[in-house]
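Atoms within a ligand are numbered from 1 in the order they appear, just like the ligands themselves.
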Amino acid sequence: MAKIQMTTPLVEMDGDEMTRIIWRQIKETLILPHVELKTEYYDLGLKHRDETDDQVTVDSAEATKKYGVAVKCATITPNAQRVEEYGLKKQWKSPNGTIRALLDGTVFRAPIMVKGVRPTVSTWKRPITIARHAYGDIYKDVEMNIPCAGTLKMIFEPADGDAGKRQEETVFEYKGPGVAMGMHNLEKSISSFARACFKYALDTGQDLWFSTKDTISKKYDQTFKLIFEDIYEKEFRAEFEKAGITYFYTLIDDAVARVVRSEGGFIWACKNYDGDVMSDMVATAFGSLAMMTSVLVSPDGVYEYEAAHGTVTRHYYQHLEGKTTSTNPMATIFAWSGALRKRGELDGNAALQEFAGRLERASIETIESGEMTKDIFAISEVPNKKMLTTEEFLQSIAGKL
Ligand code: NAP
Ligand code: MG
């Protein structure tokens, strides 16, 4: 059989530890036998990031802007211990943070669902995708310990010196010790977040929900609500109606109640903190972190696909001891299939899009037929289930494919 051809390269970002090993195995076992794979390769492995003073991360993000689609392996975000382990020049920043900042993107996380693994929430039948605004709020706040009685004020000094725009508010009159916090956000960042969400909803044909606490936060959260509404009305309503999907705004507490009663199958856009908390809740309730996929979407339509989990260090150390591991490659396979499908869409390459679908079906059917890695084995209700090593599992998928 002739291999599927590609016209435009995918940006390939290699990574670290166990996922780096799985990365190569996925390519060799599942992709290269069927696709004449064209990639522009960037080695984001920690050693090479250190050698290039992290320039390789910036280059890979620039290449993603140029070509439009990237697939990324999990990477180590160095801490003090990693600096020692790898003899690093410095404690480099999180590659995901660097890439997200350069692409100005929003991260969408969705679970891969398989028969036999029931979500903890019994009504959930389809995936729930969480979109988290990844800028500002408590993650960029300024905090104070208040030592004694006194007045806390918030003052805005306009850069242009226009006294009419100056604002001063008393936050609180303290009678004794306490704490305080100042947060900010930007119209530009909120607009980018909104556009990325509306685009992704259209892309995937799913309804979009958005929630804040605008009844209590009458300026801060209200601004989020109004920006979403405005962009929806001006830029997306017509397309949403044509696609038969809806945009739905509600309060965060009402959203939580509705999500738990829902059947799933929609995107839930959350402010930064809500997204942090809710994505862990949703991931856990769907079964396993190893089954969460993640895609970074920029407001101008650039896509970077990856697994939501990390480099699975504990398994890697076992691997280094010569033990075989049963690490789940599903999220990394779906990062590849997501990227190949998107590349196929952008290039009008039907064969590549079909291949992405076949790869996903073969992977899901393998688990549903009872062959799975250890993490899924522990929770699957499929009769006569069998626990496989990563390599055996990939071979089994290859057979179905
Ligand atoms: P992790 O790599 O996600 O793994 C945590 C635990 O979750 C594993 O020990 C394993 O549990 C389970 N797990 C995760 N993925 C799995 C898979 N595919 N198959 C089976 N089990 C899986 O998180 P971490 O250990 O906290 O972080 C390791 C490194 O990854 C860190 O250096 C961190 O900086 C990096 N990281 C990178 C990204 C990214 O690039 N996007 C994201 C998060 C973390 P058991 O040990 O119980 O089997
Ligand atoms: Mg979290």
Do [X] and [Y] have ring centres separated by under 6.0 Å?
X: His133; Y: Tyr139; result: no
X: Tyr247; Y: Phe236; result: no
X: Tyr232; Y: Phe240; result: yes

| query | Could a heavy atom of Lys374 be found less than 4.0 Å from some atom of ligand 1? | reply |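 Distance cut 4.0 Å: Lys374 fails for ligand 1.
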
| said: Quick check on Met330 - does any of its heavy atoms sit under 4.0 Å from an atom of ligand 1? | reply: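 Not so, Met330 does not reach ligand 1.
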
| Salt bridge check: are Asp104 and Arg195 linked by an N-O gap of less than 4.0 Å? |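 No, no charged N to carboxylate O under 4.0 Å.
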
| message | Less than 4.0 angstrom from a charged side-chain N to a carboxylate O is my criterion; do Arg237 and Glu241 meet it? | response |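 Looking at Glu241 together with Arg237, the answer is yes, because their closest N to O distance falls below 4.0 Å.
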
Give the atom numbers and elements of ligand 1 that come within less than 4.0 Å of a heavy atom of [X].
X: Ala74; value: 40 (O)
X: Lys72; value: 40 (O)
X: Thr327; value: 17 (C), 18 (N), 19 (N)
X: Thr313; value: 28 (C), 29 (C)
X: Arg82; value: 31 (C), 32 (O)
X: Glu306; value: 41 (N)

Taking distance alone, with N or O pairs closer than 3.5 Å, would you say [X] contacts ligand 1?
X: Glu17; value: no
X: Ala290; value: no
X: Ser326; value: no
X: Asp375; value: no
X: Gly310; value: yes

| Which class fits the ring pair Phe355 and His34: parallel under 30°, tilted 30 to 60°, perpendicular over 60°? |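 It falls in the tilted class, 30° to 60°.
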
| message | Do Leu320 and Tyr317 have side chains that approach each other closer than 4.5 Å (heavy atoms only, starting at C-beta)? | response |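 Yes - at least one pair of side-chain heavy atoms lies under 4.5 Å apart.
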
| request: Identify the residue among Asn96, Thr332, Thr19 that makes a side chain to side chain donor-acceptor pair (under 3.5 Å) with Lys72. | output: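 Single pass found, and it is Asn96.
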
| said: For atom 22 (C) of ligand 1, which of the options Val312, Leu44, Asn96 provides the nearest non-hydrogen atom? | reply: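 Among Val312, Leu44, Asn96, the closest heavy atom to atom 22 (C) of ligand 1 comes from Val312.
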
| task | Establish, for the pair Lys271 and Phe224, whether the NZ or CZ atom is under 6.0 angstrom from the six-membered ring centre and no further than 45 degrees off its axis. | result |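 So Lys271 does make the cation-pi contact.
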
